[in-house]
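Quick notes on the structure that follows.
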Number of protein chains: 2
Amino acid sequence: MKFDLIDLRLFIAVAEQNNLTKGAELVFLAPSSASHRIKQLEAHLETQLLVREPRGVTLTKAGDIVLRHAKKALATLEQMQSELYPFTDSMQTHVKLWANTNAIHTYLPDDLGQFLELHPHVKLILEEHGSDEIADAVAKGEIEIGIVAEQELNSEVMLFPYKHDRLVLIVPSRHKLAGAESIKFDQLVDFPFVILNEGSAIHTFTMNKAAMLNKHLNIRAQVKSFDAVCRMVSSNVGVAIVPHDSVCHQHELALSIIEIDETWSKRDLMICVNKHKELGSLVTELLRYLTKQKVRPGTL
Amino acid sequence: MKFDLIDLRLFIAVAEQNNLTKGAELVFLAPSSASHRIKQLEAHLETQLLVREPRGVTLTKAGDIVLRHAKKALATLEQMQSELYPFTDSMQTHVKLWANTNAIHTYLPDDLGQFLELHPHVKLILEEHGSDEIADAVAKGEIEIGIVAEQELNSEVMLFPYKHDRLVLIVPSRHKLAGAESIKFDQLVDFPFVILNEGSAIHTFTMNKAAMLNKHLNIRAQVKSFDAVCRMVSSNVGVAIVPHDSVCHQHELALSIIEIDETWSKRDLMICVNKHKELGSLVTELLRYLTKQKVRPGTL
DNA sequence: TACCTTATTCGTCTTTTACGAACGCTAATT
DNA sequence: AATTAGCGTTCGTAAAAGACGAATAAGGTA
């Protein structure tokens, strides 16, 4: 066994991209190096793993086997690091995390709350900043980790997907807005609204947006779950603003989904960390934790 | 994750030996290199894995975790190679295997038979030679793999345990030989014998040894299993020669076990392969297979 | 006290590995 | 039909990693 973990990570990346160059980039290698490494790997295993095609690569059967086991092996080692965390020397006790408004008002409270519960000794220093500012601070090493919205940022940071979601308007199928592609928020403040319980993040958020337009939302119903929101809307009680992911699989309901054409409706959040600096174990742990969190419809 | 597979193998070896120097040797590293590697590993994991004591090392709790996961990860990769075997390029079709008399007449037929069944395209070229001769041929690369008896051989070969067993004499507890430390074969050819079915390897072997002394064994009973042999002997039917491992756990029977003081009674068999040459996948597979075989009492 | 075992440090040398530039190949484009 | 764009590979060079042996340190043992 003469290959190493970089080979495995590279191979996984290449396999998932079906593209050697892109895969190489994901593990910070030049294409030439990647090509060389994979050739060595194939030589050591005495097996062809990829078929090189003019537009990328595809896996052979042997490649599938390697992909599967490589993933498993790396997962084992990730798990190891995770379990190792409590024993880590020089245990870091605080992390500076900056996040944009969206993140701080939506997903973060829940996620961080859970994380802090799991790690009682940890202190988070959480601040709200603009995405560009956050990325710069991460690049300069002023903070360890940030959560931002934009994709195009300071190229000195490494990005991981955090949440991928957007707020949409749902209306009954026969509503006069039904079928519209997208809509501005100010076009709908006068419609009757179905919203979540007072105090929920999205409730507050929506009310604030309306207030900024000097409007007062016409609240027809307040309910306790996204499920209930959808049902109310489909029963013609009113319209509602909800995360797209919490509605997409309610196909049995007579709903029409409309994009909201506002910057705040986009909620693709990315985690960014310094590209070059070695991450402390606590940051690694936090990053691991946050990237594991999936969108949980109905929680927001 | 900046460590590599060598680190993991090294760590496992060191952990199992509780000794850095010996562990290093197992993975063909100088102690200095091993020390350096493990220090790096500890640095990368930000965790102390070993406590260095004057007589070797012991594992910390973190070390235990690493040991467990490292083993699992490596096992995954071994499994991968194993599954990969059928896809291997330049699939080797024959292997030269030399073995000493013992091995050829005892364990090998069974094990090789099974192996060949699993690999229908493989041809084995099996020859019988003396252990030293075999080791030299392996060292020179004339044959890929050998099975030998002695431990002290040409140091250019790498050894793996194959079978660890020895033939012993069993007699009834009240037999006049009972309690003896050891005995020569010629001292017992006149006792009545219980032996395995005609045709079994050990039967043929024993008969041949007697014939070499110009004696004819006094066969009192032939039975079909080692279990039966033990029962017959404990019932005073006669004495018997059996593999030690097939008798050791028959404590309820009134048996006395006596060493046989002959070279052929030692059946510690080792597999040897070339220390420096990269092993072909077929040889790897065979080696993997043979080292997995455990002594199966009652099979011989 | 002298000695042994075992791990570590240091300086040197070899091997490994990454990179960029040039190249070859194929499919899509003009 | 010629051109362009996307990909993977090859090659030479430069830098980094890694292995080794000798010397060292630290703690038990005879």
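By convention in this document, chain letters (A, B, ...) are assigned in the order of the sequence lines, proteins followed by strands, and residues within each chain are numbered from 1.
Taking atom CG of residue A:Asn18 and atom P of nucleotide D:dC7, one finds them 12 Å apart after rounding to whole Å. Between the CD atom of B:Glu25 and the P atom of C:dT5 there is a distance of 14 Å, given to the nearest Å. Counting to the nearest Å, the P atom of C:dT9 and the CD1 atom of B:Ile38 are 13 Å from each other. Per the geometry, CG belonging to A:Leu41 stands 16 Å off P belonging to D:dG8, to the nearest Å. For the pair B:Leu20 CG and C:dT5 C1', the computed distance is 13 Å after rounding to whole Å. One can place CD of A:Glu53 at 17 Å from C1' of C:dG24, the figure rounded to the nearest angstrom. In this structure, B:Leu50 places its CG atom 11 Å from C1' of C:dA7, rounding to the nearest Å.
Under 4.0 angstrom from either OP1 or OP2 of D:dT9 there lies at least one side-chain N or O belonging to A:Arg52. In terms of phosphate contacts, A:Ser35 brings no side-chain nitrogen or oxygen within less than 4.0 Å of OP1 or OP2 of D:dG8. Neither OP1 nor OP2 of C:dA7 sits under 4.0 Å from any side-chain N or O of B:Lys39. The side chain of B:Asn19 contributes an N or O atom lying less than 4.0 Å from OP1 or OP2 of C:dA7.
Applying the side chain to side chain donor-acceptor pair (under 3.5 Å) test to A:Glu259 and every residue at least two apart in sequence or in another chain returns A:Arg166. Remark: A:His69 pairs with B:Glu83 by the side chain to side chain donor-acceptor pair (under 3.5 Å) rule, at least two apart or across chains. Partners of A:Asp261 by salt bridge (charged side-chain N to carboxylate O under 4.0 Å, His left out), not counting sequence neighbours, listed by chain and number: A:Lys184. In this structure A:Arg55 satisfies the salt bridge (charged side-chain N to carboxylate O under 4.0 Å, His left out) test with no other residue, sequence neighbours excluded.
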Considering only distance and modelled atom types, tabulate donor-acceptor pairs under 3.5 Å from the side chains of residues 13-22 of chain B, sequence neighbours left out.
{"unit_1": "B:Glu16", "atom_1": "OE2", "unit_2": "B:Lys71", "atom_2": "NZ", "d": "3.0"}
{"unit_1": "B:Asn19", "atom_1": "OD1", "unit_2": "B:Thr21", "atom_2": "N", "d": "2.8"}
{"unit_1": "B:Asn19", "atom_1": "OD1", "unit_2": "B:Lys22", "atom_2": "N", "d": "2.9"}

Please set out all donor-acceptor pairs under 3.5 angstrom arising from side-chain atoms of residues 23-34 of chain B, sequence neighbours excluded.
none

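Classified by interplanar angle (parallel below 30°, tilted 30° to 60°, perpendicular above 60°), the ring pair A:Tyr85/A:His119 is perpendicular.
Among all heavy-atom pairs drawn from A:Ser131 and A:Ala149, the shortest one is OG-N, 3.0 Å.
Residues in residues 136-149 of chain A take part in these side chain to side chain donor-acceptor pair (under 3.5 Å) pairs, two or more places apart or across chains: A:Asp136-A:Asn154.
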With the criterion being N/O to N/O and under 3.5 Å, what pairs connect the protein with nucleotides 25-27 of chain C, and how long is each?
none

Short N/O separations, protein against nucleotides 16-20 of chain D, under 3.5 angstrom:
{"unit_1": "D:dA19", "atom_1": "OP1", "unit_2": "B:Arg37", "atom_2": "NH1", "d": "2.5"}
{"unit_1": "D:dA19", "atom_1": "OP2", "unit_2": "B:Arg37", "atom_2": "NH1", "d": "2.9"}
{"unit_1": "D:dC20", "atom_1": "OP2", "unit_2": "B:Ala30", "atom_2": "N", "d": "2.6"}
{"unit_1": "D:dC20", "atom_1": "OP2", "unit_2": "B:Ser33", "atom_2": "OG", "d": "3.3"}

